[in-house]
Amino acid sequence: SSGETKGIFTPKFEDYQKIYNEIAARLEEKDDYDDGSYGPVLVRLAWHASGTFDKETGTGGSNGATMRFAPEGDHGANAGLVAARDFLEPVKAKYPWITYSDLWILAGVCAIQEMQGPTIPYRPGRSDKDVAACTPDGRLPDASQGNKHLRNIFYRMGFNDQEIVALSGAHALGRCHSTRSGFEGPWTFSPTVVTNEYYKLLLNEKWNWKKWNGPKQLEDKTTKTLMMLPTDMAIVSDKAFKEWAVKYAKDEELFFKDFSNVIVKLFELGVPFAENTEQSKMIFKPTS
Ligand code: CCH
């Protein structure tokens, strides 16, 4: 049972698993969105909440949920993420004790596991901050750029080349929307399942520039239905990145292990956890 001390509710593992189950049930129920799931956009919300982190100043990151406020919510990179935030509002209303910052990350964890991805250990402990903590625009990656930009952005968060490549595999999921980023289309044929298909397609397909009025993106030669961003191509045109892409294309188990480790690191950037919680990460039971 849940601890109640002097009227202060102290949530336990079971309470977080309840929220996990609630999100999973909503994912199952609301299957008329995009390719049949809100899962990908929930993963993107958790990533954009976390990916503002700057290791030099300790600012940004998932602790704060400052994307709720206009300055940050209106950043170009966050266009469309209101769909994910709105999806989670009824969950917040039902379990008001969880912070938005913990909820958004829990939703990312749930979405990855429910889309048949690896187990993602979770720690709560984030608190919501006010509008003053909003990060400046420009901390998230710009898809029109290349390897130098990727290193600038991800080194600032504290990641290395292997971790950049492992994180990029998230583009097995979801799609680009012309109404949000300007880009259009999915990266893989199974955008609601976590796989290593992103690396396989990058390496095995031939990619041509798409002829259209939109921003510069690539299309696969065979079906012309899949896409890659200029930054995605950097994962195979840069020698050091490519070595990891080849490994992950050959070995889905290795990708799952490295993806889980790096996404946990991403989701915890800048979060001041209480001491001794490292050993007590929660492992949620998937619903199927
Ligand atoms: Fe991403 N991503 N992402 N991405 N992303 C987009 C969509 C998703 C970049 C640009 C874009 C990561 C890294 C990068 C997801 C997860 C991750 C879109 C389309 C652009 C543009 C947005 C739209 O139009 O709706 C760039 C540049 C980088 C550089 O590395 C990382 C890291 C992650 C997670 C670990 C997911 C998931 C989506 C699909 C969202 C959806 O709505 O389907």
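All ligand and atom numbering here is 1-based and tracks the order in the structure.
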For His75 and Pro136, which heavy atoms make the closest approach, and how far apart are they?
CE1-C, 3.6 Å
Cation-aromatic face contact Arg26/Tyr38, 6.0 Å, 45 degrees
no
Ser62 OG to Phe267 CZ distance, which is reported to the nearest 0.5 Å:
8.5 Å
Side chain or backbone, does Thr231 bring an N or O within less than 3.5 Å of an N or O on ligand 1?
no
Taking only non-hydrogen atoms of Asp35, do any sit less than 4.0 angstrom from ligand 1?
no
Which of the ligand 1 atoms, numbered from 1, are nearer than 4.0 Å to a heavy atom of Leu173:
39 (C)
Considering only the protein, which heavy-atom contact is closest to atom 10 (C) of ligand 1, and what is its distance?
Leu229 CD1, 3.7 Å
Output the list of atoms in ligand 1 that are nearer than 4.0 Å to some heavy atom of Leu150, sorted by atom number.
29 (C), 30 (O)
Could you list which atoms of ligand 1 come closer than 4.0 Å to a heavy atom of Ala170?
16 (C), 17 (C), 33 (C), 34 (C), 35 (C)
Here the atoms of ligand 1 under 4.0 Å from any heavy atom belonging to Ala143 are 27 (C)
To the nearest 0.5 Å, what is the distance between CH2 on Trp47 and CG on Leu266?
6.5 Å
Ligand-residue contact atoms, ligand 1 with Ile263, heavy atoms, under 4.0 Å
35 (C)
Give yes or no for whether the N/O distance cutoff of 3.5 Å, strictly under, is met between His177 and ligand 1.
yes
Shortest protein contact, atom 41 (C) of ligand 1 (heavy atom only):
Arg175 O, 3.6 Å
Derivation and outcome, salt bridge (charged side-chain N to carboxylate O under 4.0 Å, His left out), residues Lys247 and Asp258
CA-CA 11 Å; Lys247 286 188 192 152; Asp258 286 1; over 6 Å; no
So, Asp232 and Tyr198: side-chain donor and acceptor under 3.5 Å apart, yes or no?
yes
Which residue holds the protein heavy atom closest to atom 37 (C) of ligand 1, what is that atom called, and what is the gap in Å?
Pro40 O, 3.3 Å
May I ask whether Met233 and Trp209 are part of the same hydrophobic cluster, defined by side-chain heavy atoms of I, L, V, M, F, W, Y residues being less than 4.5 angstrom apart, directly or through others?
yes
Would you mind running through ligand 1 and noting each atom that sits below 4.0 Å from a heavy atom of Cys176?
18 (C), 19 (C), 23 (C), 24 (O)
For the pair His171 and Trp187, name the ring-plane relationship: parallel under 30°, tilted 30 to 60°, perpendicular over 60°.
parallel
Nearest heavy atom to atom 9 (C) of ligand 1 wins, so pick from His171, Arg44, Glu163.
His171
Heteroatom distance test (Trp47, ligand 1): nitrogen or oxygen, under 3.5 angstrom:
yes
Taking only heavy atoms of Ser181 into account, list the atoms of ligand 1 that are under 4.0 Å away from them.
19 (C), 21 (C), 22 (C), 23 (C), 24 (O)
Basic-acidic side-chain contact under 4.0 Å: Lys200, Glu197
yes
Using distance alone, determine whether Ser168 and ligand 1 share an N or O pair under 3.5 Å.
no
With the threshold set at under 4.0 angstrom, would you say Tyr33 reaches ligand 1 through any of its heavy atoms?
no
Scan residues 116-125 for pairs that pass salt bridge (Lys or Arg N to Asp or Glu O under 4.0 Å), counting only residues two or more places apart or in two chains.
Arg123-Glu268, Arg123-Glu278
Atom 28 (C) of ligand 1: nearest protein contact (heavy atom, Å)
Pro141 CG, 3.5 Å
For ligand 1, which part of Tyr38 has a heavy atom less than 4.0 Å away: the side chain, the backbone, both, or neither?
neither
Verify whether one side chain among Tyr155 and Asp161 offers a donor that lies under 3.5 Å from an acceptor in the other.
yes
Could you tell me whether the side chains of Tyr248 and Gln162 share a donor-acceptor contact shorter than 3.5 Å?
yes
Any atoms of ligand 1 less than 4.0 Å from a non-hydrogen atom of Gly174? List them with their elements.
39 (C), 43 (O)
